[in-house]
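For reference, the structure is listed below as structure tokens.
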There are 2 protein chains.
Amino acid sequence: MDYYSQHSKFYVAVDCIIFGFQRGALKVLLQRRGFEPHAGEWSLMGGFVRRNEDVDDAAVRVLENLTGLRNIYMKQVGAFGSVTRDSGARVVSVAYFALLDIDQVSEEITSEQNSFWADINDMPQLVFDHQRMVKSAHERLITLVHSRPVGFNLLPELFTLTQLQQLYEAILGHAIDKRNFRKRIADMAFIEKTDEIDKVMSRRGAALYRFNRQTFNEDDGQRFRL
Amino acid sequence: MDYYSQHSKFYVAVDCIIFGFQRGALKVLLQRRGFEPHAGEWSLMGGFVRRNEDVDDAAVRVLENLTGLRNIYMKQVGAFGSVTRDSGARVVSVAYFALLDIDQVSEEITSEQNSFWADINDMPQLVFDHQRMVKSAHERLITLVHSRPVGFNLLPELFTLTQLQQLYEAILGHAIDKRNFRKRIADMAFIEKTDEIDKVMSRRGAALYRFNRQTFNEDDGQRFRL
DNA sequence: TCAAAAGTGTTAAGTTTACACCCATGA
DNA sequence: TCATGGGTGTAAACTTAACACTTTTGA
């Protein structure tokens with residue numbers, strides 16, 4: 001008997017905090033829990049880690065199952081390991097957050113999954129410690145967003161400056177001065193104005209912009225800061 | 001058979017990145033691994049989570065076992081869950097970092113534990129993914145230190161401004177202008193000058209300061225930023 | 001008396017904030 | 001023609017960065 005086998009084993013799960021942005025609001029994808037205890041209540045999207053699966057890969061798998069999307073920006077939030085966190089069994093859960101373009105998730109798939117996009121400021125009660133997970137994930141997102149160009153993951157490829165500003169206002173939870181915001185954006189060469197015009201949000205039309213990741217990576221001096 | 005029991009179980013471990021500060025250098029406490037595989041090689045201080053133990057509590061327990069200290073500042077770094085990370089068995093490990101005053105750890109206990117304080121810039125090779133854990137922990141520490149008064153955990157209760165500056169230089173990895181540094185410190189009412197004088201580091205003697213956590217918490221306007 | 005660390009201000013550059021009006025368009 | 005969202009610049013306040021010499025003491 002080796003040294004390892006004298007120790008206890010645990011279920012290991014992943015839970016995903018899936019962020020989206022819609023009509024000026026930051027949203028989180030929630031799902032009705034499908035098994036006891038607390039079947040039918042709202043929870044994050046989760047799943048158990050498999051025997052031969054990296055924990056990170058389990059999160060990717062769960063996300064793909066529930067949204068149909070791959071290659072999504074994900075980051076680990078941390079492990080939640082209280083003895084009593086899951087009343088059904090001892091489960092250590094690793095939380096991940098994902099940032100995606102809400103329009104890429106078909107309504108078909110969300111209704112099939114019994115899931116819906118809750119406003120982060122108006123969420124139903126969640127099972128177990130999922131509320132805490134959301135809070136941690138949101139805090140991480142706020143920190144991240146100040147120094148890394150991750151917000152673009154929540155927008156379509158082409159977006160207007162108004163959308164971008166509303167996105168940051170939603171994440172940070174406070175208003176931003178329009179002129180100052182646009183000045184800062186103008187200084188970032190990797191946020192490129194395209195020739196396209198969005199006519200959906202205004203009669204006048206707004207220029208559409210694109211985040212150029214390559215320019216961002218290449219231009220050594222490029223930094224994102226808000 | 002309930003829904004949980006169809007899933008796999010895993011060993012869950014904690015690994016501690018224990019930071020200390022000594023003679024101008026940021027240090028990490030390493031230990032010779034006591035069991036196979038890789039027995040005798042350098043590793044972080046770790047241990048397995050017990051059946052009825054919170055993961056956070058396991059980290060506290062491991063730290064206390066290996067340093068004799070309690071009530072130490074600790075924060076989770078994250079879970080490391082690659083299938084192949086531990087060649088002995090499938091182990092999901094949750095890393096934590098701790099900040100403590102190196103002088104509080106007796107040399108007796110470190111020699112008994114086969115451990116030593118490695119300079120963060122000159123560490124031996126570590127087993128498994130422990131090097132990555134140290135890197136993540138250090139990055140987290142750098143981020144944290146910019147906005148939270150956590151550095152004091154690495155110093156004795158009374159410290160000189162030179163010590164404090166050297167600490168920040170060691171954590172951040174770059175030199176800081178002495179006058180600018182001292183100006184910023186002077187603006188923080190919660191870093192109090194005491195009547196004590198340190199005569200160890202200089203003939204002239206340097207004023208000893210103290211971090212007053214209460215003042216920091218109470219004074220609502222107080223913010224720490226470096 | 002000298003070596004070693006402690007202590008101390010000013011200025012210029014850069015960054016951040018506050019703030020209000022005209023523009024283009026479709027209904 | 002008017003309602004709606006798009007787009008634009010300047011000045012003051014504040015923050016950061018650069019920089020060099022004097023003090024105290026024990027050996």
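Throughout, protein chains are lettered first and strands after them, A, B, ... in sequence-line order, and every chain is numbered starting at 1. Basis for what follows: all heavy atoms, side chains included, without hydrogens, waters or symmetry-related copies.
In the interface, the side chain of B/Lys183 is not paired with the base of D/dT16 through any donor and acceptor atom under 3.5 Å apart. Side-chain atoms of B/Arg204 come within donor-acceptor range of the base of C/dA6, with a qualifying N/O pair under 3.5 Å.
Between B/His38 and B/Phe128, a ring centre-to-centre spacing shorter than 6.0 Å is recorded.
Salt-bridge check for A/Glu41 with A/Arg32: failed, with every basic side-chain N at 4.0 Å or more from each acidic carboxylate O.
The structure places CZ of A/Arg210 at 9.5 Å from CG of A/Leu208, a figure rounded to the nearest 0.5 Å.
Ranked by how close their nearest DNA chain D nucleotide is to the 5' end, A/Gly205 and A/Asn180 are led by A/Gly205.
Distance A/Ile185 CD1 to C/dT16 P: 13 Å, rounded to the nearest Å. We find that CD1 of B/Ile197 is positioned 13 Å from C1' of C/dA5, with the value rounded to whole Å. In this structure, CG of B/Asp187 is placed 13 Å from C1' of D/dT16, rounded to the nearest angstrom. For the pair A/Arg182 CZ and D/dG9 C1', the computed distance is 14 Å after rounding to whole Å. C/dA3 atom C1' lies 15 Å from atom CE of B/Met201, rounded to whole Å. At whole-Å resolution of the value, CZ in A/Arg225 and C1' in D/dT16 are 12 Å apart. Straight-line distance from the NE2 atom of A/His174 to the P atom of C/dA18: 11 Å, rounded to whole Å.
Listed nucleotides: D/dG7, D/dT25, D/dC19. Nearest to the side chain of B/Asp177: D/dC19. When the nucleotides D/dC19, C/dG26, D/dT8 are ranked by their closest atom to the side chain of A/Arg179, D/dT8 comes out on top. Among the nucleotides D/dG6, D/dT4, C/dA5, the one closest to the side chain of B/Ser202 is C/dA5.
The number of heavy atoms from other shown groups lying within 6.0 Å of CZ (B/Arg184) is above 12.
Using a 4.0 Å heavy-atom cutoff across all strands shown, A/Thr160 reaches no nucleic acid atom at all. Residue B/Arg184 is out of contact with every strand shown, counting any heavy-atom pair closer than 4.0 Å. Nucleic acid contact class of B/Lys178 (heavy atoms, under 4.0 Å, all strands): base.
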